[in-house]
Amino acid sequence: DQQVKQNSPSLSVQEGRISILNCDYTNSMFDYFLWYKKYPAEGPTFLISISSIKDKNEDGRFTVFLNKSAKHLSLHIVPSQPGDSAVYFCAATSGTYKYIFGTGTRLKVLA
Amino acid sequence: KAGVTQTPRYLIKTRGQQVTLSCSPISGHRSVSWYQQTPGQGLQFLFEYFSETQRNKGNFPGRFSGRQFSNSRSEMNVSTLELGDSALYLCASSLSGANVLTFGAGSRLTVL
C-alpha cells in the first residue's frame, strides 16, 4: 500500500516558468512533510519541509503548500531554472522515525 | 563538516552471496536510517537506529539486517542475495530521527 503517491513520473517546464510538483498521501497521522531533490549518482538533498499546523512554507524560489483536508501537498518552483532538473521526492512522517517516500517525479527544465 | 559517507559506492555480487554496506553519519548525528531505491518504487524504508537500538523497521524479509555501533556508524547486511536485491542503498543520518534526514551518495548493488 503506497501511502505517499506522486502520480506524475515526469514533468517538463520551460525555463523561467513555474514548476508544480504534486504529492498525495493517505495516512491522516502524517504530521510532517518534506521535499527532496536527487541528481544522478548523488543522494537526495533536502529542499523544504512543512508541518501539518501550517498550510504554506516558503524558501526562496521554493514554496510548499499543504491541503490537509485533501491530503495533498505541492511544491512550486518559481522561476524554474535548468539546474532544477532532477528527480523530486516528497516524504511524510508521523513522528515514528520512519519516513515514507513517494516514487518521485522527474523534472526537466528546458532552456 | 563532513557529510554522510557510504562505502562501498559500487559492488557486484552473485545470487546466494551476502553483502555488508557501511555508513558513517555526520558527526553528532545519532540516528541512522537505511532506504532501498529501485526504479519505480521510490525509496523504501529498511530500518532506523538510534544509540545502537533499532527503533523502527520496514517491511523487508529477515535477510536484511543492520546494526549500529557506539560511534553511531552503521552497517547493513543482506544475506542470500537475490536478483531483486539489485538497488541503490541509501543511508541517512539525523540528530534524533525526527529531524531532516541528510543522505549519503548511496551504495549501488548489482546482483548477477
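Nothing here was measured: the structure is a model prediction, and the numbers come from that model. Each chain gets a letter, A, B and so on, in the order the sequences are listed, and its residues count up from 1. Note: hydrogens, waters and symmetry copies are ignored here, and every other heavy atom, side chains too, is used.
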Quick one: what part of B:Arg9 sits under 4.5 Å from any heavy atom of chain A, side chain, backbone, both or neither?
side chain
Does atom CZ of B:Arg63 have more than 12 heavy-atom neighbours from other groups under 6.0 Å away?
yes
Decide whether B:Phe45 and B:Leu109 are clustered together by the hydrophobic rule: side chain heavy atoms of Ile, Leu, Val, Met, Phe, Trp, Tyr closer than 4.5 Å, transitively.
no
CZ/B:Arg15: more than 12 non-hydrogen atoms of other groups inside 6.0 Å
no
Under 4.5 Å, counting heavy-atom pairs only, tell me which of B:Gln44, B:Lys57, B:Gln37 racks up the most with chain A.
B:Gln37
Side chain to side chain contact (heavy atoms under 4.5 Å, CB included) between A:Tyr99 and B:Val100, worked out:
CA-CA 10 Å; A:Tyr99 289 76; B:Val100 170; over 6 Å; no
More than 12 heavy atoms of other residues, nucleotides or ligands under 6.0 Å from CZ of B:Arg108: yes or no?
no
ILVMFWY cluster, B:Leu46 and B:Leu11 together (side-chain gap under 4.5 Å)
yes
I need the minimum non-hydrogen distance between B:Ala105 and A:Ala41, along with the two atoms involved.
CB-O, 4.4 Å
Between the OH atom in B:Tyr35 and the CZ atom in A:Phe89, the distance rounded to the nearest 0.5 Å is 12.0 Å
Joint cluster assignment, B:Leu81 & B:Phe64, ILVMFWY side-chain distance < 4.5 Å
yes
Chi angles and distances behind the side chain to side chain contact (heavy atoms under 4.5 Å, CB included) call for A:Lys38, B:Leu88:
CA-CA 13 Å; A:Lys38 186 179 186 301; B:Leu88 180 66; 3.9 Å; yes
Which of B:Leu90, B:Leu101, B:Thr102 passes side chain to side chain contact (heavy atoms under 4.5 Å, CB included) with A:Pro44? It is B:Leu90
